[in-house]
Amino acid sequence: MAHRELECGACGRTEPVTPGATVCPSCGKPLMARYDLDGLDAAALREAWASRRGGGMWRFRELLPLADGEEPVSLGEGDTPLLDIPRLGGDLDLDLRVKVESGNPTGSFKDRGLSAAVTRGSLDGAPGFVVPSAGNAAAALSAYGARAGLPVRVYVPADTPGGVKARCRHYDAQVVEVDGLITDCGREAAAYAEETGAFSVSTLHEPYRLEGKKTMMLEIVDALGWRAPDAIVYPTGGGTGLIGSWKVLDELVGAGVLEEAPTRMYAVQSEGCAPMVRAFEEGLEEAPTWEDAATEAWGLRVPSALGDFLILRAVRETDGGAVAVSDEAMRRGARDLGASGIDASIEGGATLAGARALRAAGELQEGETVVLFDTGSLLTY
Ligand SMILES: *Cc1c(COP(=O)(O)O)cnc(C)c1O
């Protein structure tokens with residue numbers, strides 16, 4: 001089943017499903033795909049999803065933007081492990097699990113979002129794709145665009161590490177270096193999209209990357225025996241995985257697959273770029289731009305996010321929160337995951353650092369099942 005309509009996450013305006021949809025025409029905020037949950041049979045769904053285990057994230061196609069008969073643009077993304085980490089969990093008296101995303105086709109969870117966005121885009125007649133990014137999103141778009149046989153252009157700040165650009169070029173993308181910040185890249189990418197008709201897949205500027213990202217939570221709930229975890233800790237840049245997790249738990253309850261999903265959501269950011277943490281602590285509904293953002297974790301160097309209000313609502317409505325940790329604590333977290341045999345970039349390390357801070361603050365309780373989102377491979381650095 002494909003989605004029924006698109007709904008603005010801010011003003012609630014609904015739109016018919018339109019090829020090339022971007023943001024809400026009224027208020028410019030993110031659009032979200034809405035499904036006919038009433039029309040789903042929970043038992044049949046669980047059975048169908050279980051029977052397709054090993055088939056990647058598209059095994060959940062009933063809750064993804066794909067109509068019967070349509071084929072996804074896939075490179076085998078998803079079906080990543082949810083590992084327990086008993087030594088690290090024992091230290092904190094938690095049932096600590098880690099969703100390890102490094103096994104995705106380009107080494108990060110960005111693949112899930114870009115598989116969904118490129119799938120919908122290519123089915124909807126996109127002549128090509130464009131994204132502003134200094135990291136994993138650029139590599140993922142390049143790979144999925146190539147898989148779809150469509151041209152990709154990425155705008156990157158000139159000081160982006162050479163490895164990122166090399167990865168994009170490997171997938172035959174056009175790499176445009178911009179003398180400026182990621183916000184400048186955003187402006188140039190938008191102008192290019194306007195000029196050429198290429199679909200821009202900038203974070204939450206189109207509705208489908210969110211749909212791909214939410215499959216992480218579907219896999220987590222499946223791995224836990226159709227039980228939602230007590231809490232998740234998410235390394236937050238633009239927040240798509242956090243918002244997606246919140247959205248899909250609602251959908252699972254709406255479809256009757258879960259009776260309840262009392263998962264508390266925690267956003268972790270770097271002390272050098274913590275707009276969500278500051279807004280959370282100050283009781284704001286939107287997050288003012290963080291000036292002079294500085295962190296080694298490029299996935300978290302996002303000074304302002306279009307979905308800020310959704311991140312803040314997700315953490316508040318689930319009784320979770322937001323916490324900032326130092327780059328040093330993140331690095332230690334990544335090393336400690338490594339010492340348990342787990343591939344983790346600094347963003348993954350941030351989640352262990354965040355869990356430690358939240359446990360010390362009494363936010364996470366003894367014995368709770370807490371899932372860390374280890375979003376990408378150390379090798380992407
Ligand atoms: C993009 C990215 C993040 C941040 O993800 P958002 O969904 O934008 O919050 C975290 N970790 C890694 C490795 C990333 O590439």
Side-chain angles (χ1 to χ4, degrees), residues 30 77 80 98-114 116-117 131-143 154 156 160-161 163-164 167-168 182 186 201-206 208-217 232-247 265-270 273-277 287 290 293 295-308 310-312 314-315 322 325 327 330 333-334 337 342-354 372-381:
E77 57 293 324
T80 59
V98 55
K99 182 71 173 156
V100 186
E101 287 292 302
S102 54
N104 278 302
T106 74
S108 90
F109 72 155
K110 290 290 194 298
D111 289 332
R112 297 176 186 264
L114 274 312
V131 78
S133 165
N136 290 328
L141 176 64
S142 301
V154 301
V156 303
T160 297
V164 172
R167 287 164 67 210
C168 296
I182 189 71
V201 296
S202 185
T203 303
L204 291 175
H205 286 71
E206 57 74 47
Y208 300 118
R209 281 176 64 183
L210 184 65
E211 296 304 292
K213 286 276 191 82
K214 80 183 187 187
T215 60
M216 285 186 291
M217 183 54 94
I232 65 168
V233 184
Y234 185 83
T236 304
T240 45
L242 183 109
I243 299 165
S245 293
W246 179 52
K247 178 176 189 283
M265 312 224 159
Y266 292 96
V268 56
Q269 296 196 300
S270 164
C273 181
M276 298 305 146
V277 181
W290 188 276
T295 169
E296 272 172 48
W298 15 268
L300 308 186
R301 201 160 57 207
V302 180
S304 82
L306 191 64
D308 55 356
L310 294 169
I311 297 170
L312 290 162
V315 303
V325 296
D327 278 21
M330 290 187 209
L337 286 167
I342 290 164
D343 182 4
S345 62
I346 186 166
E347 294 88 352
T351 62
L352 179 57
L372 308 180
F373 280 62
D374 179 15
T375 45
S377 172
L378 182 60
L379 293 176
T380 63
Y381 270 76

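Every number for a ligand or one of its atoms is a count from 1 in the order of the listing. Here the structure is a predicted model, which means the values were calculated and not measured.
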Undergrad: Give yes if a backbone or side-chain nitrogen or oxygen of Gly239 is under 3.5 Å from a nitrogen or oxygen of ligand 1, and no if not.
TA: yes

Undergrad: Heavy-atom distance under 4.5 Å between the side chains of Arg301 and Ile182, does that happen here?
TA: no

Undergrad: Give the table of side-chain donor-acceptor pairs shorter than 3.5 Å for residues 135-142, with sequence neighbours excluded, one pair per line with atom names and distance.
TA:
from   : atom 1 : to     : atom 2 : distance (Å)
Asn136 : OD1    : Arg167 : NH1    : 3.4
Ser142 : OG     : Ala138 : O      : 2.7

Undergrad: So among Leu300, Leu242, Val325, which one has a side-chain contact (heavy atoms from CB on, under 4.5 Å) with Pro235?
TA: Leu300

Undergrad: If we only count N/O pairs under 3.5 Å, is Ser345 in contact with ligand 1?
TA: no

Undergrad: Considering only protein heavy atoms, which is closest to atom 14 (C) of ligand 1, and at what distance to one decimal place?
TA: Lys110 NZ, 2.9 Å

Undergrad: Work out whether the distance between some heavy atom of Tyr234 and some atom of ligand 1 is less than 4.0 Å.
TA: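 Contact present.
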
Undergrad: Just jot down the ring pair (Phe, Tyr, Trp, His ring centres under 6.0 Å) partners of Trp298, sequence neighbours excluded, or say none.
TA: Tyr381

Undergrad: Taking the side chain as C-beta and beyond, is there a heavy-atom pair between Asp374 and Leu372 under 4.5 Å?
TA: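 No; the side chains remain at least 4.5 Å from each other.
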
Undergrad: Need the ligand 1 atom indices (1-based, order shown) with element for anything under 4.0 Å from a heavy-atom of Thr236.
TA: 9 (O)

Undergrad: In terms of residue, atom name and distance, what is the protein heavy atom nearest to atom 5 (O) of ligand 1?
TA: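 It is Phe109 CZ, 3.3 Å.
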
Undergrad: What do you reckon, does Thr375 have a nitrogen or oxygen under 3.5 Å from a nitrogen or oxygen of ligand 1?
TA: yes

Undergrad: Looking only at distances, can you tell me whether any N or O atom of Thr203, backbone or side chain, sits closer than 3.5 Å to an N or O atom of ligand 1?
TA: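 No, Thr203 has no N/O under 3.5 Å of an N/O on ligand 1.
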
Undergrad: Please report the C-alpha distance between Glu101 and Lys110 in whole Å, then the side-chain angles of each, then the deciding distance to 0.1 Å, and finally whether the salt bridge (charged side-chain N to carboxylate O under 4.0 Å, His left out) criterion is met.
TA: CA-CA 9 Å; Glu101 287 292 302; Lys110 290 290 194 298; over 6 Å; no

Undergrad: Could you say whether the N/O atoms of Gly237 and ligand 1 ever approach to under 3.5 Å?
TA: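 Between Gly237 and ligand 1 (N or O atoms, distance only) the closest approach is under 3.5 Å.
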
Undergrad: Below 3.5 angstrom, do we get any N/O pair linking Glu347 and ligand 1?
TA: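 No; the residue has no nitrogen or oxygen that sits under 3.5 Å from a nitrogen or oxygen of the ligand.
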
Undergrad: Report, in ascending order of atom number, the atoms of ligand 1 lying under 4.0 Å from any heavy atom of Gly238.
TA: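 In order of numbering, the contacting atoms are 6 (P), 8 (O), 9 (O).
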
Undergrad: Starting from atom 4 (C) of ligand 1, locate the nearest protein heavy atom and write down its residue, its atom name and how far away it is, to 0.1 Å.
TA: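 For atom 4 (C) of ligand 1, the nearest protein heavy atom comes out as Gly299 O, 3.3 Å.
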
Undergrad: Which ligand 1 atoms, with their elements, are less than 4.0 angstrom from a heavy-atom of Pro235?
TA: 4 (C), 9 (O), 10 (C)

Undergrad: Given that the side chain starts at C-beta and the backbone is N, CA, C, O, which of these parts of Trp298 lies under 4.0 Å from ligand 1, counting heavy atoms, or is it both or neither?
TA: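 Near ligand 1, Trp298 shows nothing, with every heavy atom at 4.0 Å or more.
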
Undergrad: Locate the shortest heavy-atom distance separating Thr240 from Leu210; write the atom from each residue and the value.
TA: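 Heavy-atom minimum between the residues: O-CD1, 3.3 Å.
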
Undergrad: Quick one: does ligand 1 sit under 4.0 Å from the side chain of Asn136, the backbone, both or neither, non-hydrogen atoms only?
TA: side chain

Undergrad: Is there a side-chain contact between Leu204 and Ile243 (heavy atoms, below 4.5 Å)?
TA: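 Leu204 reaches Ile243 side chain to side chain.
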
Undergrad: Report yes if some heavy atom in the side chain of Val100 is under 4.5 Å from a heavy atom in the side chain of Thr80; otherwise report no.
TA: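 Of all side-chain heavy-atom pairs linking Thr80 with Val100, none is under 4.5 Å.
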
Undergrad: Any non-hydrogen side-chain atom of Ser245 less than 4.5 Å from a side-chain atom of Ile232?
TA: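 Counting from C-beta outward, Ser245 and Ile232 do come under 4.5 Å.
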
Undergrad: Only heavy atoms of Lys213, strictly under 4.0 Å: list the atoms of ligand 1 that pass.
TA: 7 (O)

Undergrad: Using a strict cut-off of 4.0 Å, indicate which atoms of ligand 1 neighbour a heavy atom of Gly241.
TA: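 Counting from 1, the qualifying ligand atoms are 7 (O).
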
Undergrad: Is there side-chain contact between Ser377 and Thr380, with heavy atoms separated by less than 4.5 Å?
TA: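 They are in contact (side-chain heavy atoms under 4.5 Å apart), so the answer is yes.
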
